[in-house]
Amino acid sequence: MPAAAEAALAGGPAGPRALRPYLDTVLAALADGAARRRGPLPAGGPRAVAGRVREAVRPVLPDTGVGAQAALAGLVRVLAEGAADPADPHCAAHLHAPPLAVAAAADLAAGALNPSLDSWDQAPAAAEVEAEVAAAVAAEVHPGAARADALVTTGGTEANQLALLLARELLGPGVQVVAGANAHHSVHRAAWLLGMRAPHVVPTPRGVLDPAAVRDVLGRLRGPAPGEPGPALVVATAGTTDAGAVDPLPQLADAAGAYGARLHVDAAYGGLLLLAPGRAHLVAGLDRAHTVALDLHKLGWQPIAAGFLAVRDGADLAPLAYSADYLSADDDTAAGLPALLHRSLRTTRRADVFKVAVTLRALGRAGVAELVEATFAAAARLAEFVAEDPELELYAPPALTTVLFRPAGAGDAAVAALRRRLLADGHAVLGRASAGGRRWLKATLLNPHVQASDLRNLLKLVTEAHRAAPAAAGPADHPDHPARENGTAADAR
Ligand SMILES: Cc1ncc(COP(=O)(O)O)c(C=O)c1O
């Protein structure tokens, strides 16, 4: 038996007392690691990080443990020192959210109590919290739909998978997924995983799906009976990974409706805008989709994982029905114990929804809207600064909070090399995206606290790094890299 402190449990009446000194250690190590890092990510690239991590983590399984305090202090510090910290204003590559402190604190409770949402007897309160939040999310996405429902997922990928699975189960295995070239790669992987035909990819030269092109594809699908349209699932995106573009949802809903197709909208990025009155118009039409993916660990400031699949008609979830005697016996259910297994394809399931419940209640609609507005304002400001700077080129005004830009006249190879240089120096974490046949630096702004001075500094870092090493630039045009469709999966996270 290890020393009492190492074997102490996080739950139970003594749990909080056991946790408190560890929390002090964790918080001190987080601060220490961030101070050592001195920036958005560690300088020196993978080799430097690996050296420090190996030193702290080896041996992974010592014969005699080093003790809880030492293990926590050493590993948390090295984790923080080697983090790409989305709370840093210069860390803006991906849809990688800086979590709110209140959400991280709530998540601690889920970790300590460890409710598992595969059966009511492992999660009595958490199951009810999940039911309440799911109902609230469902009502936001599909207001007025009496049977609207929502499932909790690990993110956009799982939500997209479930949407395709439901389409396959409801329309038959011959259903054809029709998606834009701007769709997230998880749509393609879901079709592959589910044994469905590869999605029909509609080109998106302007970054968004063209409803006329979708109609054209749907009109050419042949159903089993002569004259009938083939079963199809149209997948639209509200907030593309590369550029934050929003497909024309109402027109796509019309197109899908005209051919009897289902409509899924991947709103992993843009879904939260429904809660912000000043921006909800950007995702108008979500309510017309049969299924909608949302993901609050993107725009939503949640620790991973915080996804949802909203379903307009809860009856569509019937294919997920399943009962295992040891988790949801029929007689238990008949006696009033809620069955949970049909709410996911996973069995053991963390109470990921708990932090969402705490956050939404803490901020309210007004607080969420303020954070959304601040984030949008930061993106607009960054785009403005880029547009004013003759050394930089802006792709387009941001649709949501993603800004694509590059040094004026730089070739694709130079853009890629510049991004890597900023990473290696530990100065900035910017993404890359292909749009209009060219490669761009991508700043995905999700941090509502970013100031104008942070954004100016970020651009200064970019222009100075480009000026310092234009030789790596290569030709302004890029014979090595033929023009590509906007939003190809290659650069999508
Ligand atoms: C539009 C879109 N959909 C889905 C996903 C996948 O979400 P997750 O990584 O949470 O599974 C992403 C990830 O960035 C995304 O950008």
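Fair warning: this is a prediction, and the values are worked out from it, not measured in the lab. First listed ligand is number 1; within each ligand, the first listed atom is number 1.
For Trp440, the ring-ring contact (aromatic ring centres under 6.0 Å, His included) partners two or more places apart in sequence, or in a different chain, are Tyr395. With sequence neighbours excluded, the residues that form a side-chain contact (heavy atoms from CB on, under 4.5 Å) with Ala383 are Leu394, Pro398, Val403.
Checked for salt-bridge contact, Arg438 and Glu393 meet the test: a charged N lies under 4.0 Å from a carboxylate O. Salt bridge annotation for Asp254-Arg215: absent, with no cationic side-chain nitrogen under 4.0 angstrom from a carboxylate oxygen. We find that Asp316 and Arg262 are joined by a salt bridge, their nearest charged nitrogen and carboxylate oxygen being less than 4.0 Å apart.
Those atoms of ligand 1 with a heavy atom of Gly156 less than 4.0 angstrom away are 4 (C), 6 (C), 7 (O), 8 (P), 10 (O), 11 (O). Interface atoms of ligand 1 facing Thr241, defined by a heavy-atom separation under 4.0 Å, are 1 (C), 2 (C), 15 (C), 16 (O). Per-residue contacts place Gly239 under 4.0 angstrom from the following atoms of ligand 1 (heavy atoms of the residue considered): 1 (C). Close approach of ligand 1 to Gly155 (heavy-atom distance below 4.0 Å) involves ligand atoms 10 (O), 11 (O). Residue Ala268 has at least one heavy-atom neighbour below 4.0 Å for each of these atoms of ligand 1: 2 (C), 3 (N), 4 (C). Listed by atom number, the atoms of ligand 1 under 4.0 Å from Asp295 heavy atoms are 7 (O), 8 (P), 10 (O). Shown in contact with Thr157 at under 4.0 Å from a heavy atom are these atoms of ligand 1, numbered in order with element: 6 (C), 7 (O), 8 (P), 11 (O).
Residue contacts with ligand 1, taken as heavy atom pairs separated by less than 4.0 Å, involve Lys298 solely via side-chain atoms from C-beta onward. Residue His297 touches ligand 1 through its side chain alone, judged by heavy-atom distances below 4.0 Å.
Side chains of Leu382 and Leu459 form a contact here, defined as non-hydrogen atoms less than 4.5 Å apart.
Counting only non-hydrogen atoms, the option in Thr240, Leu95, Asp266 that gets closest to atom 1 (C) of ligand 1 is Asp266.
Just one of Leu309, Leu317, Val141 meets the side chain to side chain contact (heavy atoms under 4.5 Å, CB included) condition when paired with Asp149; it is Leu317.
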